[in-house]
Amino acid sequence: QVQLVESGGGLVQPGGSLRLSCAASGITLDYRAVGWFRQAPGKAREGLVCATSDGRTDYIDSVKGRFTISRDNAKNTVYLQMNSLKPDDTGVYYCATAPICAYEWDYWGQGTQVTVSS
C-alpha cells in the first residue's frame with residue numbers, strides 16, 4: 001500500500017520559516033517526480049513546485065527564491081523548506097508523486113496545515 005505522509009506544518013509569524021516533510025512508504029521516490037501543492041482557503045489547489053528524478057525543479061513565481069524542494073533518497077522523504085513566509089502562504093500543503101512532472105499525479109498525501117499569521 002502506497003502512503004505519503006506530510007508533516008511539519010503549523011502556525012508561524014510572517015517572515016518565519018517552516019520545513020515540511022513528505023515520507024513515502026510502499027513506493028520508491030528515487031525514480032519518480034515529486035511535487036508540492038497548496039490549497040488556500042476558498043481557492044483551488046495549486047502546484048508550487050515539481051522536482052524530477054534527475055534533480056530538475058520548476059517553481060511557480062510566487063514561491064521562487066523562498067521555497068526549496070529537496071530529497072533524501074535514503075529516507076525516501078521529500079522536503080519543502082519555506083522561508084520568508086507570508087500570510088498568502090496559508091493553506092493546506094500536499095505532496096504528490098508521478099512518473100514524470102507533466103504526468104498525472106497518482107499518489108497524494110493527506111496534507112498538512114500551514115498558517116502564517118501574527
* Asked: Centroid-to-centroid, F37 to W108, below 6.0 Å?
  -> yes
* Structure fact -> Those residues at least two apart in sequence (or on a different chain) that pass salt bridge (charged side-chain N to carboxylate O under 4.0 Å, His left out) with R71 are none
* Is the closest side-chain heavy-atom distance between D106 and T97 below 4.5 Å? -> yes
* Out of curiosity, T57 OG1 to F67 CZ, how far, rounded to the nearest 0.5 Å? -> 14.0 Å
* Any salt bridge between K64 and D61, counting N to O under 4.0 Å? -> yes
* Structure fact -> The complete set of disulfide (SG to SG under 2.5 Å) pairs with one or both residues in residues 38-83, sequence neighbours excluded, reads C50-C101
Please set out all donor-acceptor pairs under 3.5 angstrom arising from side-chain atoms of residues 109-118, sequence neighbours excluded.
from	atom 1	to	atom 2	distance (Å)
Q110	NE2	E6	O	3.3
T112	OG1	G9	N	3.3
Q113	NE2	G91	O	3.4
Q113	NE2	T115	OG1	3.3

* Looking at S17 and Q81, what are the two nearest heavy atoms and their distance? -> CB-NE2, 3.9 Å
* To do: Please report the shortest heavy-atom distance between N76 and L29, naming the atom on each side.
  => OD1-N, 2.9 Å
* Check the pair V78 / C95 against side chain to side chain contact (heavy atoms under 4.5 Å, CB included), numbers first and verdict last. => CA-CA 8 Å; V78 177; C95 63; 6.0 Å; no
* Asked: Between D30 and T28, does any side-chain donor sit less than 3.5 Å from a side-chain acceptor?
  -> no
* Determine yes or no for a side-chain-to-main-chain donor-acceptor pair under 3.5 angstrom, with S53 supplying the side chain and A33 the backbone. => no
* Non-hydrogen atoms of V63 and L48 that approach each other most closely -> CG2-O, 3.9 Å
* Asked: At what distance, to the nearest 0.5 angstrom, does CD of E46 lie from CD of Q39?
  -> 9.5 Å
* At what distance, to the nearest 0.5 angstrom, does CG of L11 lie from CG of L18? -> 9.0 Å
* Roughly how far, to the nearest 0.5 Å, is the OH atom of Y107 from the CD1 atom of I27? -> 5.0 Å
* Asked: If you take all heavy atoms of A24 and L4, which pair is closest and at what distance?
  -> CB-CD2, 3.5 Å
* To do: Could you go through the side chain to side chain contact (heavy atoms under 4.5 Å, CB included) check for R38 and L80 one step at a time?
  => CA-CA 12 Å; R38 173 175 67 204; L80 185 67; over 6 Å; no
* Do any N or O atoms from the side chain of Y59 and from the backbone of I69 form a donor-acceptor pair under 3.5 angstrom? -> yes
